[in-house]
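Heads up, the thing below is written out as structure tokens.
Chain A is the first sequence line, chain B the second, and so forth, proteins listed ahead of strands; every chain is numbered from 1. The model shown is predicted, which means the values in this text are computed figures rather than measured ones.
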Amino acid sequence: MSVRVRFAPSPTGYLHIGSARTALFNYLYAKHVGGKFLLRIEDTDLARSTEESTRSILDGMKWLELEHDEEIVFQSDNADKHRATARKLLTEGKAYRDFTPKAEPSDQNVKEGIAERARAAQGVKNMRDNPFRDISEVESDARAANGEPFAVRLKVAETGKTSFEDAVYGLQERSYADTEDLVLLRSDGHPLYNLAVVCDDIEMRITHVIRGQDHLTNTHKQVLIYEALGITPPIFAHLPLIMAPNKGKLSKRKHGEVVSMTTYRDAGFLAAAFRNFLALLGWSASEEKEIYSLTELIDKFSLEGIHRSNAVFNFTENDPRKWTDDKAIWMNAEYIRTMPLADLLPFVKAELKSAKLWRDEYEPEGRALTATIDSTESQAFESEIEIAERPAAIALDVLEVGSYDWYVRTIALIRTRFFTLKDFSAQGRAYFSEDYDFDPAAIAKNLNKFADLKTWLPELADRFEAEFGDADVSSPTVREGFTTKPFTEENIETVVKSFTEEKATKLGVIMNGARTLLTGVAVGPSMLSVFETIGMERSILRLRSGIAWAEILPDTTLSSHG
RNA sequence: GACCGGUUCGUCUAGGGGUUAGGACACCGCCCUUUCACGGCGGCAACACGGGUUCAAAUCCCGUACCGGUUACCA
């Protein structure tokens, strides 16, 4: 029998990080064993389910690239079948009508109320004390025929226990005495969760139920329904929960956007990286390795590798630097820095486009750069990128700023310090636009402290112009007839070094000042490569520009010795 | 309260009778470097507690503590 698993979220909000991991594990297991990964929307709670939420969940799944097999099942479509099942159990005497009037839902916290009631009962409640449990069939039928409202409850036997072998938690047993006669059908005829789940899992021929540990005790109730129906239950595998840093529940209400999948998509995370991170929360392949491709994950995934203890999703509220789990950020940076450039480029393109920084010249001529390049084309393309990535291999000593080759090489250069895709349009903005911001901290540290730079840097620009000025950057290979050198790292270094000596200052002072003016930020790749990448013309322009200087505080009187 | 589950560095985890208890993130230091959030090297840091079994316990058993889940005519 082939394996069929399902991810069954209830559409009462966006895709929660815990649900996303449940979906991932189901997906990985299905793919590992060559089974089917199905999706069922558990929308039986009409009051709370929304279409928008369903869409958001689907969006999240799509972003994570967890494609489901077969049609989506909407649980609400099966309500009639659920009711029929309940009726069947009723006629077989395995369930009974409960004519107890429906209790008014308390207006305070529902969960709190339940716990309170349970505490009051001192845990000695007799689960078989429902007065309608044993009324005669005749009386029950008569009252029902009379229009009296009733809920349908499963008739749990007086003595015995339910048991099942959980693939993660091992043998689970529970005395009947601890399980109430659960409600199958509400008095308004609405099927309840446990009934609906069992019916649908049977209908969908689910073989393995992989879900959160919060359902571990529910499972006993479901086993009871399977037994009443005379059907062998599927294999259950419960997952440890993902908790907040205080080991409490991780919820939208308390923790906000950090728990939503769309947050990560919008924050510039790569799905592959986030998937990788999620996979390692509650599962491990028992090896000293952190980076796993999807194929590796599928290959190595097993139910045996799932943990039994909850995992903390570590983040610090109100700390922008640690707004989400450090390891997730690191993982994303790792992907951005080390994944094949050809795979990264489409994501960078999308980011630059949405920031209005994209230019069509960045597209390789005659080819559309998309995420799905066929293999032969992709190979040719990759070797081209390899060339661009390896400065030494480039025939030209200067790349034309704004060209495709320049673009690819720039991305290869700047990605080494980036954490998210957003960095390409934020920190990296100065590479693609003249309209970029200056980080006040960078100005304070690299410009304000050295007042002489205000005259030095424009002077450096003059020097650049004199040294490199009439080199034809548009056809840099043609060098004959020109008296000046090409604007390359090596030549730039010579010029800047002698300039520094003339001014009797440290190289760092000049370089850092220039970096701030040229890029607006205090960090980045080697400054020589930044000069080269920004290009001669723009470098000169920016060194002369007074934009950043305008932000210098008026009381700055520090000398260059500072 | 009752029932069920869990407990290895701050966090994610490896290890399941004999290990200097390993890795990753974070943090710190050094190196590289003009800067840096890149890179390299190194450091700090953990078996919840108490009993037992055993020549030997992080590992097996019992208890305690703590944490979590469930206890709905929610899902």
Side-chain angles (χ1 to χ4, degrees), chain A residues 8-12 42-45 47-49 75 98 100 102-103 105 110-111 113-125 149-153 169-170 172-175 177-180 182-188 190 192-194 196-197 212-218 220-221 238 240-241 243 245-249 277 280-284 286-291 307-315 322 325-331 333 337 415-419 427 442 445-446 496-497 500 506-512 514-516 521-528:
Chain A
S10 56
T12 53
E42 309 222 314
D43 56 349
T44 56
D45 187 349
R48 290 196 297 155
S49 302
Q75 191 157 64
D98 179 3
T100 312
K102 186 184 175 188
V110 187
K111 210 112 185 164
I114 293 161
E116 197 52 52
R117 217 178 314 144
R119 225 167 290 128
Q122 295 282 308
V124 295
K125 184 184 182 329
F150 60 86
V152 175
R153 284 183 186 272
Y169 288 92
Q172 299 295 307
E173 293 184 312
R174 189 174 214 220
S175 165
D178 296 321
T179 306
E180 63 172 345
L182 57 139
V183 172
L184 266 19
L185 235 45
R186 249 196 254 160
S187 50
D188 62 3
H190 220 85
L192 252 29
Y193 174 73
N194 287 116
V197 166
Q213 189 237 63
D214 47 338
H215 288 293
L216 196 55
T217 40
N218 269 332
H220 289 283
K221 298 178 184 177
H238 287 88
L241 270 17
M243 315 303 285
N246 66 355
K247 297 191 195 298
K249 201 176 161 117
F277 169 76
L280 264 18
L281 227 45
W283 173 82
S284 107
S286 296
E287 55 185 0
E288 292 180 353
K289 180 174 155 77
E290 314 290 328
I291 306 293
H307 308 150
R308 277 155 288 267
S309 50
N310 295 342
V312 168
F313 183 64
N314 200 17
F315 60 95
K322 306 221 177 225
D325 198 301
D326 274 328
K327 203 155 186 174
I329 297 176
W330 167 79
M331 187 82 72
R337 302 199 271 249
R415 72 165 169 164
T416 58
R417 311 290 166 111
F418 287 172
F419 288 81
Q427 276 205 56
K445 183 181 165 200
N446 297 331
V496 176
K497 272 196 172 149
T500 304
K506 282 184 291 187
L507 196 56
V509 173
I510 301 294
M511 290 299 203
N512 291 329
R515 177 190 298 286
T516 305
V521 292
V523 299
S526 146
M527 195 51 210
L528 294 172

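Nucleotides B:rU59 and B:rU7 place their P atoms 12 Å apart, quoted to the nearest Å. With both ends at atom P, the span from B:rA26 to B:rG39 equals 9 Å, rounded to whole Å. B:rC25 sits 12 Å from B:rC41 when the P atoms are compared, rounded to a whole Å. Between the P atoms of B:rC47 and B:rA58, the separation comes to 10 Å (whole Å). Here the separation of B:rC66 from B:rA48, taken at their C1' atoms, is 8 Å to the nearest Å. On the C1' atoms, B:rG17 is 30 Å away from B:rG10, given to the nearest whole Å. On the C1' atoms, B:rG51 is 33 Å away from B:rU71, given to the nearest whole Å. Separation of the P atoms belonging to B:rC4 and B:rG63 is 12 Å when rounded to the nearest angstrom.
Here A:Gly282 lies in heavy-atom contact (under 4.0 Å) with sugar-phosphate atoms only. A:Pro240 comes within 4.0 angstrom of nothing in the nucleic acid, heavy atoms only. A:Tyr193 comes within 4.0 angstrom of a nucleotide base, judged by non-hydrogen atoms across all strands. Counting any heavy atom pair closer than 4.0 Å across all strands shown, A:Asn512 reaches a base atom. Using a 4.0 Å heavy-atom distance criterion, A:Lys289 is classed as making no nucleic acid contact. If you check every strand for non-hydrogen atoms under 4.0 Å, A:Ile329 touches nothing. In this structure, A:Phe419 reaches the bases: a heavy-atom distance under 4.0 Å links it to at least one base atom across the strands shown. Contact annotation for A:Ala522: base contact, defined as any heavy-atom pair under 4.0 Å involving a base atom. At the heavy-atom level, A:Met243 lies under 4.0 Å from the strands shown only through sugar-phosphate atoms. Among the atoms of the strands shown, none is found under 4.0 Å from any heavy atom of A:Lys506. Within 4.0 Å of A:Glu287, counting heavy atoms only, lies no atom of the nucleic acid at all.
Taking the side chain of A:Lys327 as heavy atoms from C-beta on, and the options B:rC25, B:rU34, B:rA75, the nearest nucleotide is B:rC25. Looking at the side chain of A:Tyr169, the nearest of the listed nucleotides B:rU34, B:rC73, B:rG6 is B:rG6. Residue A:Ser10 has its side chain nearest to B:rA75 when only B:rU11, B:rC73, B:rA75 are considered. Taking the side chain of A:Thr44 as heavy atoms from C-beta on, and the options B:rA26, B:rC74, B:rA75, the nearest nucleotide is B:rA75. Taking the side chain of A:Arg515 as heavy atoms from C-beta on, and the options B:rU34, B:rU35, B:rA14, the nearest nucleotide is B:rU35. Distances were taken from every side-chain heavy atom of A:Gln172 (C-beta onward) to each of B:rG68, B:rG22, B:rG5; the shortest belongs to B:rG5. In this structure, of B:rG69, B:rC73, B:rU11, it is B:rG69 that holds the atom nearest to the side chain of A:Gln213. Nearest to the side-chain atoms of A:Lys249 among the listed nucleotides B:rU35, B:rG69, B:rA75 stands B:rG69. With distances taken from any side-chain atom of A:Arg48 to the nucleotides B:rG68, B:rC74, B:rU13, the minimum falls on B:rC74. The A:Glu290 side chain lies nearest to B:rG23 when the options are B:rG23, B:rG5, B:rC3.
Between A:Lys327 and A:Asp325 there is no salt bridge, since no side-chain N of the basic residue sits under 4.0 Å from a carboxylate O of the acidic one.
Rounded to an integer number of Å, the gap from CG of A:Asp178 to P of B:rU71 is 13 Å. When rounded to the nearest whole Å, the span between CG of A:Asn314 and P of B:rU13 equals 11 Å. Between A:Glu173 atom CD and B:rA2 atom P the separation is 20 Å, expressed in whole Å. Between A:Leu182 atom CG and B:rC74 atom C1' the separation is 14 Å, expressed in whole Å. Atom CG of A:Leu185 is separated from atom C1' of B:rA72 by 15 Å (rounded to the nearest Å). Separating the CD atom of A:Glu180 from the P atom of B:rA2 is a distance of 18 Å, rounded to the nearest angstrom. If you measure from atom CZ of A:Arg308 to atom P of B:rG16, you get 13 Å, rounded to the nearest angstrom. For the pair A:Leu281 CG and B:rU11 C1', the computed distance is 10 Å after rounding to whole Å.
Between A:Phe418 and A:Leu528, the residue anchored nearer the 5' end of RNA chain B, judged by the nucleotide with its closest heavy atom, is A:Leu528. Sequence order on RNA chain B of the closest nucleotides to A:Thr100 and A:Thr416 puts A:Thr416 first from the 5' end.
Here B:rG5 sits opposite B:rC67 as a Watson-Crick or G-U wobble pair (both hydrogen-bonding atom distances under 3.5 Å). With a 3.5 Å ceiling on both atom-pair distances, B:rU54 lacks any Watson-Crick or G-U wobble partner. Pair check for B:rC30 finds B:rG40; Watson-Crick or G-U wobble, both atom distances under 3.5 Å. Pair assignment for B:rA14: none, as no Watson-Crick or G-U wobble contacts are both less than 3.5 Å.
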request  = Applying side-chain contact (heavy atoms from CB on, under 4.5 Å), run through A:Met331 and A:Leu280 and close with a yes or a no.
outcome  = CA-CA 11 Å; A:Met331 187 82 72; A:Leu280 264 18; 4.1 Å; yes

message = Please determine whether side-chain contact (heavy atoms from CB on, under 4.5 Å) holds for the pair A:Tyr193 and A:His215, giving the CA-CA distance in whole Å, both sets of side-chain angles, and the decisive distance to 0.1 Å.
response = CA-CA 11 Å; A:Tyr193 174 73; A:His215 288 293; 3.0 Å; yes

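Side-chain N/O atoms of A:Ser526 and base N/O atoms of B:rU35 include no donor-acceptor pair closer than 3.5 Å. Side-chain N/O atoms of A:Lys247 and base N/O atoms of B:rC67 include no donor-acceptor pair closer than 3.5 Å. Counting atom types as modelled, A:Arg337 pairs no side-chain N or O with a base atom of B:rC38 as donor and acceptor under 3.5 Å. Counting atom types as modelled, A:Asn218 pairs a side-chain N or O with a base atom of B:rA75 as donor and acceptor under 3.5 Å. Judged by distance alone, with hydrogens and angles left aside, A:Thr217 brings no side-chain donor or acceptor close enough to the base of B:rC3 to form a pair under 3.5 Å.
At the phosphate of B:rG15, OP1 or OP2 sits under 4.0 Å from a side-chain N or O atom of A:Ser286. In this structure, A:Arg153 reaches the B:rC73 phosphate: one of its side-chain N or O atoms is under 4.0 Å from OP1 or OP2. Using a 4.0 Å cut-off, some side-chain N or O of A:Arg186 falls inside it from OP1 or OP2 of B:rC74. Phosphate proximity of B:rC73 to A:Ser187: absent, as no side-chain N or O sits under 4.0 Å from OP1 or OP2. Dashed line: the shortest gap from a side-chain N or O of A:His307 to OP1 or OP2 of B:rU13 is under 4.0 Å.
Judged purely by atom type and a 3.5 angstrom limit, A:His190 uses its side chain to pair as donor or acceptor with the backbone of A:Thr44. Side chain of A:Arg515 to main chain of A:Pro525: a donor-acceptor pair is present (N/O by atom type, distance under 3.5 Å, no hydrogens or angles).
The two residues A:Ser49 and A:Asp43 make their nearest non-hydrogen contact at OG-CA, 3.5 Å.
Within 6.0 Å of the NZ atom in A:Lys289, the count of heavy atoms belonging to other residues, nucleotides or ligands exceeds 12.
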